[in-house]
J.: 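One structure coming up, written as structure tokens, with questions to follow.
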Amino acid sequence: MSERVIPLVDQRHPSLPLPPVVAGQTRHGLPVDALRRPLTDLRISVTDRCNFRCSYCMPKEVFDKDYAYLPHHQLLNFEEITRIAGVFVERGVRKIRLTGGEPLLRKNIEILVEQLAALRTPDGQALDLTLTTNGSLLARKAQSLKDAGLQRVTVSLDGLDDAVFRRMNDVDFPVADVLAGIEAAQAAGLGPIKVNMVVKRGTNEKEILPMARYFRGTGIVLRFIEYMDVGATNGWCMDEVMPSAEVIRTINAEMPLVPLEAAAPGETAERWGYANAQGQHDPSCGEVGVISSVTQAFCGDCNRARLSTEGRLYLCLFASQGYDLRQLLRDPAQTDAQLAATIDAIWRGRTDQYSRLRSLQGPDSALGQGKRVEMSYIGG
Ligand code: SAM
Ligand code: SF4
Ligand code: SF4
């Protein structure tokens, strides 16, 4: 039997050189990037593993039993995550989302939640702390996550029809267990809950209306996400993208919708409210959202940074390289002030706007050809 050798340095994700900084040299004010976008939102991937094999994210053929996931010592530990998160908060971050892979697979995730929930902004405010999950372990964990200080959850669910759902998660996971997880989250007060549905034309567009009917009037916000060309393994093609405009038309034909204002600057979802007989938004019926990452890029407001499971900082979902913050976190000489100066310098140099350029250049542009990191590694 051949033994698999795990390289000491993981060459799958080469890192970018860190900018040189002088100790404690954060400039006055919070950093804005080269396109004047602030840094307010941090997504932290806590594992690159998942118990689902959604074909658009971790296709079975690639993420099989031989796939080399990161070894444990390469992951940031909870103390490292909390320390770097604290520095990000000091530099402007107000919202932290835990993601993955499947974040609820990370052992003792509640301890990390508790540590992050204790962080405060420079003016003493708690963070907006949330988590994105496939919901498979939520029925079991909703209450302990709430007790640990998690405020709300986003659950990914691509359909209500059990056969369609089992096919999409590709591990034969029943939809009833995810619905039970959503109910448990609601009962625990992890709201407002959002449910994300990736729409893949030819696979689950028939689920749009049943999903809209099911969540209408429940207080849960259903959001439809355009299938994205993220990563390099899902065999993405434009034919399988259902534009958000079509999703809205489909729902509107049965349940009339009216456009709503954006909830906050940098909000990725366009909001639509269910209308009453007078054509006005009826708050008791709630709203849906669409995230048009392909057909209507929102790079202009993109205030999000992503920290990978092993501590690489990525400035865009479509990046091929990140900055290795773990080496700084594991260097005893590095102070928090130095870390802050590094984050500032990296953010100030940011020019990323992949989706905008991609929509200007068209789906066949060279921009789409580069080697990109996987969504399961960088976090959605
Ligand atoms: N496992 C968790 C989950 O599924 O919610 C968290 C990680 S997952 C990578 C985060 C989000 O990314 C999910 O809502 C998933 O549907 C979305 N996602 C993954 N691949 C995608 C793709 N190619 N296009 C659009 N959304 C995608
Ligand atoms: Fe797992 Fe989430 Fe990716 Fe599906 S979308 S394979 S649940 S990480
Ligand atoms: Fe932000 Fe990159 Fe997505 Fe544009 S493509 S919205 S810069 S993550």
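None of these values were measured; they are calculated from a predicted model. Note that ligands are numbered from 1 as they come in the structure, with each ligand's atoms numbered from 1 the same way.
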J.: Where's the contact between T133 and ligand 1, heavy-atom distance under 4.0 Å: side chain, backbone, both or neither?
T.: backbone
J.: Using a 4.5 Å cut-off on heavy atoms from C-beta on, say whether the side chain of D229 contacts that of F318.
T.: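 SC-SC contact between F318 and D229 confirmed.
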J.: Would you mind listing which atoms of ligand 3 come within a distance below 4.0 Å of any non-hydrogen atom of S355?
T.: 5 (S)
J.: Report yes or no: does D162 contribute a side-chain atom to a donor-acceptor pair with the main-chain N or O of F165 at less than 3.5 Å?
T.: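 Such a contact is absent between D162 side chain and F165 backbone.
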J.: Using a 3.5 Å distance criterion without hydrogens, assess whether the side chain of Q296 forms a donor-acceptor pair with backbone atoms of S293.
T.: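 Not confirmed, Q296 side chain does not pair with S293 backbone.
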J.: Which side chain to side chain donor-acceptor pair (under 3.5 Å) pairs, counting each pair once, include a residue from residues 181-198, with sequence neighbours left out?
T.: N196-R223
J.: Just by distance, do the side chain of R306 and the backbone of I44 share a donor-acceptor pair under 3.5 Å?
T.: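 No: the side chain of R306 does not pair with the backbone of I44.
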J.: Do me a favour and list the nearest non-hydrogen protein atom to atom 7 (S) of ligand 3 with residue, atom name and distance?
T.: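 Result for atom 7 (S) of ligand 3: D352 O, 3.6 Å.
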J.: By number and element, which atoms of ligand 3 are closer than 4.0 Å to a non-hydrogen atom of F298?
T.: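 Going through ligand 3 atom by atom, the ones under 4.0 Å from F298 are 6 (S).
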J.: If the cut-off is 4.0 Å to any non-hydrogen atom of G101, which atoms of ligand 2 fall inside it?
T.: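 In order of number, 8 (S).
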J.: Considering only non-hydrogen protein atoms, determine which one is nearest to atom 3 (Fe) of ligand 2 and report residue, atom name and distance to 0.1 Å.
T.: C57 SG, 2.4 Å
J.: Under 4.0 Å, heavy atoms only, figure out whether ligand 2 is touched by the backbone of C54, its side chain, both or neither.
T.: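 Contact part for C54 vs ligand 2: both backbone and side chain.
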J.: Under a heavy-atom criterion of less than 4.0 Å, does C54 contact ligand 1?
T.: no
J.: Which of the atoms in ligand 1, numbered in the order shown and given with their element, are less than 4.0 Å from a heavy-atom of G100?
T.: 7 (C), 9 (C)
J.: Any salt bridge between R91 and D344, counting N to O under 4.0 Å?
T.: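 Yes, charged N to carboxylate O under 4.0 Å.
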J.: Please compare G101, S136, S156, S45 and report which has the shortest non-hydrogen distance to atom 6 (C) of ligand 1.
T.: G101
J.: Note the single closest protein heavy atom to atom 8 (S) of ligand 3, along with its residue, its atom name and the distance in Å.
T.: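 Answer, as residue, atom name and distance: L317 N, 3.3 Å.
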J.: Can you find a side-chain donor-acceptor pair between N204 and D161 that sits under 3.5 Å?
T.: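 Side chains of N204 and D161: no pair found under 3.5 Å.
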J.: Check ligand 3 against R306 and write out every atom of the ligand that is under 4.0 Å from a heavy-atom position of the residue.
T.: 8 (S)
J.: As a check for students: among F52, Y227, Y56, identify the option with a heavy atom nearest to atom 15 (C) of ligand 1.
T.: Y56
J.: Does S156 come within less than 4.0 angstrom of ligand 2, counting non-hydrogen atoms of the residue?
T.: no
J.: What is the nearest protein non-hydrogen atom to atom 1 (Fe) of ligand 3, stated with its residue, atom name and distance?
T.: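 Here the closest protein heavy atom is C302 SG, 2.4 Å.
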J.: What atoms of ligand 2 come within less than 4.0 Å of a heavy atom belonging to M58?
T.: 6 (S)
J.: Verify the distance criterion only: is there a donor paired with an acceptor across the side chains of N134 and S156 at less than 3.5 Å?
T.: no
J.: Would E226 and S244 count as having a side-chain donor-acceptor pair, cut-off 3.5 Å?
T.: yes
J.: Nearest to atom 2 (Fe) of ligand 2 by heavy atom, S136, S55, C50: which?
T.: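 Of the listed residues, C50 has the closest heavy atom.
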J.: Looking only at heavy atoms, is any part of R356 under 4.0 Å from ligand 3, and if so is it the side chain, the backbone, or both, or is it neither?
T.: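 Near ligand 3, R356 shows nothing, with every heavy atom at 4.0 Å or more.
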J.: Report, in ascending order of atom number, the atoms of ligand 1 lying under 4.0 Å from any heavy atom of E102.
T.: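 Result: 1 (N), 2 (C).
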J.: Side-chain donor-acceptor pair under 3.5 Å between D331 and Q327, yes or no?
T.: no
J.: Determine whether the side chain, the backbone, both or neither of T99 has a heavy atom under 4.0 Å from any heavy atom of ligand 1.
T.: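 For T99, the contact with ligand 1 is made by the side chain alone.
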J.: Would you check the N or O atoms of M228, main chain and side chain alike, for any that come under 3.5 Å of an N or O of ligand 1?
T.: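 M228 vs ligand 1: N/O contact under 3.5 Å present.
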J.: Could you list the atoms of ligand 1 found under 4.0 angstrom from a heavy atom of V198?
T.: 16 (O), 25 (C), 26 (N), 27 (C)
J.: Out of curiosity, S355 OG to L317 CG, how far, rounded to the nearest 0.5 Å?
T.: 7.5 Å
J.: Roughly how far, to the nearest 0.5 Å, is CG of L131 from NZ of K141?
T.: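 CG of L131 is found 10.0 Å from NZ of K141.
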J.: Between E287 and R271, does at least one N-O distance fall below 4.0 Å, as a salt bridge requires?
T.: yes
J.: Please check if any side-chain donor atom of R97 sits under 3.5 Å from a side-chain acceptor atom of T132, or the reverse.
T.: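 Side chains of R97 and T132: pair found under 3.5 Å.
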J.: Is there a heavy atom of E226 sitting under 4.0 angstrom from any atom of ligand 1?
T.: yes
J.: At less than 4.0 angstrom from any non-hydrogen atom of N134, what atoms of ligand 1 do you find?
T.: 2 (C), 3 (C), 5 (O)
J.: Assign the ring pair F173 / F52 to parallel, tilted or perpendicular, where the plane angle (0 to 90°) is split at 30° and 60°.
T.: tilted
J.: Looking at F318, which atoms of ligand 3 are within less than 4.0 Å of one of its heavy atoms?
T.: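 The atoms of ligand 3 under 4.0 Å from a heavy atom of F318 are 5 (S).
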J.: Which residue supplies the protein heavy atom nearest to atom 4 (Fe) of ligand 3, what is that atom called, and how far is it?
T.: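 Among all protein heavy atoms, the one nearest atom 4 (Fe) of ligand 3 is C299 SG, 2.3 Å.
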